[in-house]
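One structure below.
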Amino acid sequence: MDNSFEPGQIESKWYPRWEANGLFAPSASGEPYCIQLPPPNVTGTLHMGHAFQQTIMDALVRYHRMRGYRTLWQGGTDHAGIATQKIVENQLAAEGKTRHDLGREAFVERVWAWKEQSGSTITNQMRRLGASVDWSRERFTMDEGLSAAVRRVFVQWYRDGLLYRGRRLVNWDPVLMTAVSDLEVNNEEKDGSLWSIRYPASDGGEGLVVATTRPETMLGDVAVAVHPEDERYQALIGKTLQLPLTGREIPVISDEYVDREFGTGCVKITPAHDFNDWQIGARHGLAPIVVLTLDAKINDNAPEKYRGLDRFAARKAVLADLEAAGLLVETKKHKLQVPVSQRSDAVIEPMLTDQWFLDLTRETLPDGRPGGRKAIIEPALAAVRDGEIRFVPDNWATTYNQWLENIQDWCVSRQLWWGHQIPAWYDEAGNIFVGEDEADALAHASTPPVGALRRDEDVLDTWFSSALWPFSTLGWPGETPARAAEWEQFKAFVPSNVLVTGFDIIFFWVARMVMATQYFTGKVPFREVYINAIVRDAEGQKMSKSKGNTIDPLDLIDGIDLESLVKKSTASLLIPQVREKVEKRIRKDYPAGIPAVGADALRFTFAALASYARTINFDLKRADGYRNFCNKLWNATRFVLMNAQGDVAPADTAPATEAERWILTRLSRTLAEVEAHFATYRFDLLAQALYEFVWNDYCDWFLELAKPALAKAEGPAPEGGDAAAASTRRTLLVVLEAVLRALHPIMPFITEELWHETLRSSPDAQGGAASTPDAATGQSISVRPYPRAADFATDDAATAEIEWLKAVLTQVRRIRSEMGIAPRKEIPLLYAGGNATDRARTTKFDAQLGFLARAESQRWLDAGDAEPAAAAAIIGEMKLLIPLAGLIDLGAERARLEKEIARLDGEIAKSGTKLGNFGEKTPAAVVEQEKQRLADFTSTAAALREQLARLQG
């Protein structure tokens with residue numbers, strides 16, 4: 001095998017082989033295990049959040065595939081209605097055209113063409129990360145089968161009385177000219193003004209003063225509200241005011257919504273342009289007055305002077321006229337939250353428009369059938385309450401419940417051309433006909449249409465089709481024989497096992513999948529919802545292009561030089577000051593660019609960070625560290641394969657040495673930890689357990705402990721002869737092969753490469769219950785059985801013996817390091833004190849200690865022997881001495897002992913304080929543990945003081 005680990009070479013080799021061999025299809029015969037990929041936007045590219053989330057999903061999928069489950073990772077992309085339409089409209093704008101120049105049919109054809117050309121960017125990037133999605137089943141929310149599911153759901157909900165068309169207030173993007181969801185709106189803090197305006201009383205009195213941040217909307221005011229218990233305004237309730245600039249009179253009403261402590265305690269009510277005002281207007285039977293056009297200009301319901309003005313130009317005109325009339329009482333600076341469209345950067349307007357809504361609030365419909373509250377929301381709440389669906393961490397269930405308990409009807413229509421066109425038709429009298437096609441709509445009509453039919457031009461909210469993802473991807477509703485057969489085969493994957501997603505779409509996607517899947521399949525969509533953390537930068541700051549702290553996962557995998565990174569990071573930044581600031585930060589943070597760490601190191605970094613925290617801080621140094629871990633594993637494999645060239649014991653041979661039995665015990669216990677952490681989604685603890693076993697137990701210790709048994713090639717073996725050497729070779733291979741399988745779900749590429757190297761060197765060295773794979777499996781570690789704790793025998797007695805040996809060797813190495821004794825210089829070892837077990841162990845491990853500690857001699861001091869000036873260490877009851885004559889500076893050793901005694905005195909003081917603070921409620925085991933720690937510190941410090949006294953004498 002190659003001398004060094006080069007991730008790029010092996011990553012480009014293995015993924016195409018996995019995919020070509022169909023290894024990601026659900027082929028095993030075990031229980032079904034399914035994860036549904038949250039479909040990324042077809043417009044998207046892989047970012048750190050995707051990479052983190054997909055690492056978690058892939059680890060789970062690969063783990064369960066290796067466990068023998070019939071595993072499906074269902075992937076695909078979302079058509080991303082607004083985002084995709086905007087990209088193509090921008091392309092047209094560059095050509096001097098609009099979508100209206102093309103017409104709807106030609107525009108949609110152009111979007112499809114763009115999707116076919118550029119829509120696979122993110123899925124190809126996922127392959128680079130190692131995502132083992134079953135690409136043969138890749139779905140797109142606008143493909144034929146999923147579109148059939150969307151039509152079926154819309155029609156069924158309509159015929160069940162749950163979908164209706166109505167005039168309601170929605171978030172409106174005046175640039176995109178469509179309703180948008182809350183998720184597509186950012187509330188940004190901006191510097192604004194708060195204007196206080198006097199509304200004179202109709203009878204000539206002073207009237208009231210209201211404060212507003214949007215004075216142009218006053219043209220649509222229908223009332224002024226005060227609190228019913230506000231003594232200042234009791235006399236005005238029920239009377240009318242003159243609405244400035246309009247000539248209209250509006251009433252003074254009382255409503256408990258009003259905060260009498262805020263401002264003047266008077267609130268202008270504009271139901272057509274404010275969500276809260278809409279509710280107040282509905283309570284008081286006030287008819288809304290719309291004063292804005294859909295492109296945010298003043299319409300004909302306002303005084304003629306303002307008609308046709310843009311909303312912000314109208315604001316200036318209104319304020320100027322108010323001031324001229326002496327009605328502008330005060331202007332003061334004010335911080336306010338402004339709703340801004342994510343897609344167009346336009347300020348969102350609450351707009352009264354005709355839209356389609358899914359009923360989620362009524363208990364019962366007028367005809368007695370269950371309304372949306374009873375038919376959709378209550379089952380979705382019960383699914384979590386009754387434990388059918390579990391959130392991890394469980395606190396997110398509260399977020400889910402609160403949203404559903406306070407839910408409003410869902411606006412499902414969008415004024416776009418790209419998306420699922422609503423399957424509804426209108427006749428010339430305005431009657432609505434709904435069906436999967438026009439013929440189906442007419443077949444279910446209660447009365448014949450009046451005149452010709454026209455199709456509803458709106459499309460459905462992207463989240464509507466996404467809500468069906470858990471079952472529409474699997475063949476439902478089976479509208480063709482092929483889809484019916486697919487649904488029959490794959491419906492076993494509903495519910496899927498776990499949904500891995502972010503907390504920000506619990507409302508918009510998670511809850512809606514529960515609602516739709518329960519209604520149409522009678523099942524929950526998933527059993528568990530693992531809410532992954534949000535990835536931030538090393539300082540805990542939100543990643544943002546304008547800050548220059550975003551990282552492209554592929555730049556970590558492949559590496560990127562500084563100049564290319566600067567160019568890439570500043571290319572889309574148009575403001576010079578921002579561009580300069582970003583460039584300065586990048587040059588400071590990445591002076592040498594970003595070195596390539598490879599996909600495996602990046603994935604291991606994500607796993608190591610994946611706790612239950614709400615956010616994780618991604619530090620590039622961690623990724624560099626796990627690149628070193630990959631190197632460690634690579635070099636360990638080279639060592640093992642170079643030393644496995646001799647006889648290897650047969651598979652049924654019991655381990656010949658205690659070191660082998662110790663490492664197999666440690667492997668078994670590590671695998672038990674790993675299994676428990678997979679079950680609880682504690683990937684951080686899982687990664688830590690594997691890291692510590694591989695780096696510390698296997699590489700640092702077992703490879704070292706194996707050397708005495710393997711030393712026959714260089715002379716007489718200090719341990720066990722040929723049988724021990726052959727047995728040790730087998731154990732080296734068996735544990736290595738098991739480690740590669742254990743690491744594979746997190747680090748798929750390097751483990752596949754090294755597993756094949758191991759297989760070539762020793763094809764019979766498969767660990768546990770495994771057997772040699774054949775060509776039918778694609779010769780891949782990814783379909784080998786995952787190692788289980790029970791596959792490897794444990795031996796507590798051998799473990800205790802080896803832990804003692806490790807402790808002795810650790811102390812010898814520590815003394816060598818601290819005293820500057822060369823690692824290869826032979827030293828004498830003396831033992832004092834101790835017990836019978838210690839004496840037996842020094843006899844048993846005499847050869848190993850001589851070999852590994854480079855001990856030229858070893859002996860026990862008799863009870864009356866004087867201890868020479870020596871460096872000392874305490875191991876249980878035994879004292880280890882390395883005579884220092886001719887080896888070290890005695891003054892330096894005295895300083896070392898004084899430093900160690902001071903440290904122990906500090907620990908003794910801390911233990912004493914803890915014991916003093918323990919109360920009656922402190923568990924007895926905790927108290928006993930602390931007492932034992934205090935006793936150990938005290939005895940060790942006493943022994944070191946004796947040693948120091950001897951050196952000073």
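Predicted model only: the values in this text are computed from it and were never measured.
With values rounded to the nearest 0.5 angstrom, Thr217 atom OG1 is found 8.0 Å from Glu349 atom CD. Taken from CE in Met218 to CD in Glu216, the straight-line distance is 10.5 Å, to the nearest 0.5 Å. Rounding to the nearest 0.5 angstrom, the gap separating the OG1 atom in Thr353 from the CE atom in Met177 is 11.0 Å. In this structure, CD1 on Ile407 lies 9.0 Å from OG1 on Thr361, to the nearest 0.5 angstrom. Here His273 contributes atom NE2 and Leu219 contributes atom CG; the two are 9.0 Å apart, rounded to the nearest 0.5 Å. Distance OG1/Thr270 to CG/Asp277: 5.0 Å, rounded to 0.5 Å.
Shortest non-hydrogen contact noted between Leu236 and Val252 is O-CB, 3.4 Å. Across Val224 and Leu241, no two heavy atoms sit closer than the pair CG2-CD1, 3.7 Å. Closest of all the heavy-atom pairs between Pro366 and Arg362 is CD-NH1, 3.8 Å. In plain terms, the two heavy atoms of His334 and Thr213 that are nearest each other are CD2-CG2, 3.8 Å. The minimum heavy-atom distance linking Pro339 with Val185 is given by the pair CB-CG1, 3.6 Å. Smallest separation of non-hydrogen atoms from Ala375 and Tyr519: O-CD1, 3.7 Å.
The cationic group of Arg536 does not satisfy the cation-pi geometry with Phe618, failing either the under 6.0 Å distance to the six-membered ring centre or the 45° limit from the ring axis. Both tests do not hold together for Arg165 against Phe357: distance to the six-membered ring centre under 6.0 Å, angle to the ring axis within 45°.
Ring geometry, Tyr400 versus Phe391: the interplanar angle falls from 30° to 60°, so the pair is classed tilted. Between Phe154 and Phe464, the ring planes are tilted. Angles from 30° to 60° get that label.
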*asked:* For Phe275 and Asn171: C-alpha separation, side-chain torsions, deciding distance, then whether side-chain contact (heavy atoms from CB on, under 4.5 Å) applies.
replied: CA-CA 9 Å; Phe275 288 102; Asn171 289 318; 3.4 Å; yes
*Given Trp172 and Leu352, is the side-chain contact (heavy atoms from CB on, under 4.5 Å) satisfied, shown in steps?*
CA-CA 9 Å; Trp172 185 263; Leu352 193 59; over 6 Å; no
*Leu328 and Arg198: CA distance, side-chain angles, deciding distance, side-chain contact (heavy atoms from CB on, under 4.5 Å) verdict*: CA-CA 7 Å; Leu328 186 59; Arg198 182 172 300 282; over 6 Å; no
*asked:* Test salt bridge (charged side-chain N to carboxylate O under 4.0 Å, His left out) on Arg587 and Glu583; report intermediate values, then the result.
replied: CA-CA 6 Å; Arg587 291 188 182 280; Glu583 178 173 350; 3.0 Å; yes
*Starting from the C-alpha separation in whole Å, work towards a yes-or-no answer on salt bridge (charged side-chain N to carboxylate O under 4.0 Å, His left out) for Arg260 and Glu229.*
CA-CA 9 Å; Arg260 51 186 164 175; Glu229 297 177 3; 3.7 Å; yes
*Can you check salt bridge (charged side-chain N to carboxylate O under 4.0 Å, His left out) on Lys305 and Asp321, steps first, answer last?*
CA-CA 11 Å; Lys305 177 178 181 179; Asp321 290 346; 2.7 Å; yes
*asked:* Does Leu358 form a side-chain contact (heavy atoms from CB on, under 4.5 Å) with Ile376? I'd like the steps, not just the answer.
replied: CA-CA 10 Å; Leu358 178 64; Ile376 299 175; 4.2 Å; yes
*List the steps and the verdict of salt bridge (charged side-chain N to carboxylate O under 4.0 Å, His left out) for Lys335 and Asp191.*
CA-CA 5 Å; Lys335 292 279 189 184; Asp191 292 325; 2.6 Å; yes
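The closest donor-acceptor contact from the side chain of His284 to the backbone of Gly281 lies at 3.5 Å or more, if one exists at all. Remark: the backbone N or O of Ala179 is paired with a side-chain donor or acceptor of Arg414 at under 3.5 angstrom. Under the 3.5 Å distance criterion, the side-chain polar atoms of Trp509 are matched with a main-chain donor or acceptor of Ser466. No donor-acceptor distance shorter than 3.5 angstrom exists from the side chain of Thr364 to the backbone of Pro370, with no hydrogens or angles considered. Looking only at distances, no side-chain donor or acceptor of Glu363 sits under 3.5 Å from a matching main-chain atom of Arg373.
Using modelled atom types and a 3.5 Å distance limit, the side chains of Thr178 and Asp173 yield no donor-acceptor pair. Checking Tyr426 against Asn431 by side-chain atom types alone, no donor-acceptor pair falls below 3.5 Å. Under the 3.5 Å distance criterion, with hydrogens and angles disregarded, no donor-acceptor pair is assigned to the side chains of Asn299 and Thr293. In this structure, a donor-acceptor pair under 3.5 Å is present between the side chains of Gln85 and Glu89. Neither side chain, Asp255 nor His227, offers a donor N or O lying under 3.5 Å from an acceptor on the other. Residues His79 and Thr141 have side chains that bring a donor and an acceptor to within less than 3.5 angstrom of each other. For the residue pair Asn617 and Asp537, no side-chain donor N or O sits within less than 3.5 Å of a side-chain acceptor on the partner. In this structure, a donor-acceptor pair under 3.5 Å is absent between the side chains of Tyr164 and Asp359. Counted by atom type alone, Gln415 and Gln355 present one or more donor-acceptor pairs between their side chains at under 3.5 Å. There is no side-chain donor-acceptor pair under 3.5 Å between Trp469 and Asp78.
The closest side-chain heavy-atom distance from Ile298 to Asp310 is not below 4.5 Å. Considering only heavy atoms from C-beta on, Trp418 stays 4.5 Å or farther from Arg104 through its side chain. Taking 4.5 Å as the limit, every side-chain heavy atom of Glu323 sits out of range of all side-chain heavy atoms of Leu319. Taking 4.5 Å as the limit, some side-chain heavy atom of Ile616 sits within range of a side-chain heavy atom of Phe52. Considering only heavy atoms from C-beta on, Val329 stays 4.5 Å or farther from Ile197 through its side chain. Counting heavy atoms from C-beta on, the side chains of Leu243 and Glu249 never come closer than 4.5 Å. Considering only heavy atoms from C-beta on, Trp417 stays 4.5 Å or farther from Asp458 through its side chain. The side-chain heavy atoms of Leu292 and Arg311, taken from C-beta on, include a pair separated by under 4.5 Å.
The neighbour count for Lys584 NZ, taken as heavy atoms of other residues, nucleotides or ligands under 6.0 Å away, does not exceed 12. Within 6.0 Å of CD on Glu457 lie no more than 12 heavy atoms contributed by other residues, nucleotides or ligands. Within a 6.0 Å sphere centred on CD of Gln337, heavy atoms belonging to other residues, nucleotides or ligands number more than 12. In this structure, Phe312 places its CZ atom where more than 12 heavy-atom neighbours from other residues, nucleotides or ligands lie under 6.0 Å away. Dense packing is recorded around CD of Glu95, with more than 12 heavy atoms of other residues, nucleotides or ligands lying under 6.0 Å away. Residue Glu231 places its CD atom among 12 or fewer non-hydrogen atoms of other residues, nucleotides or ligands, all under 6.0 Å distant.
Contacts of Asp221 classified as salt bridge (Lys or Arg N to Asp or Glu O under 4.0 Å), with partners at least two apart in sequence or in another chain: Lys268.
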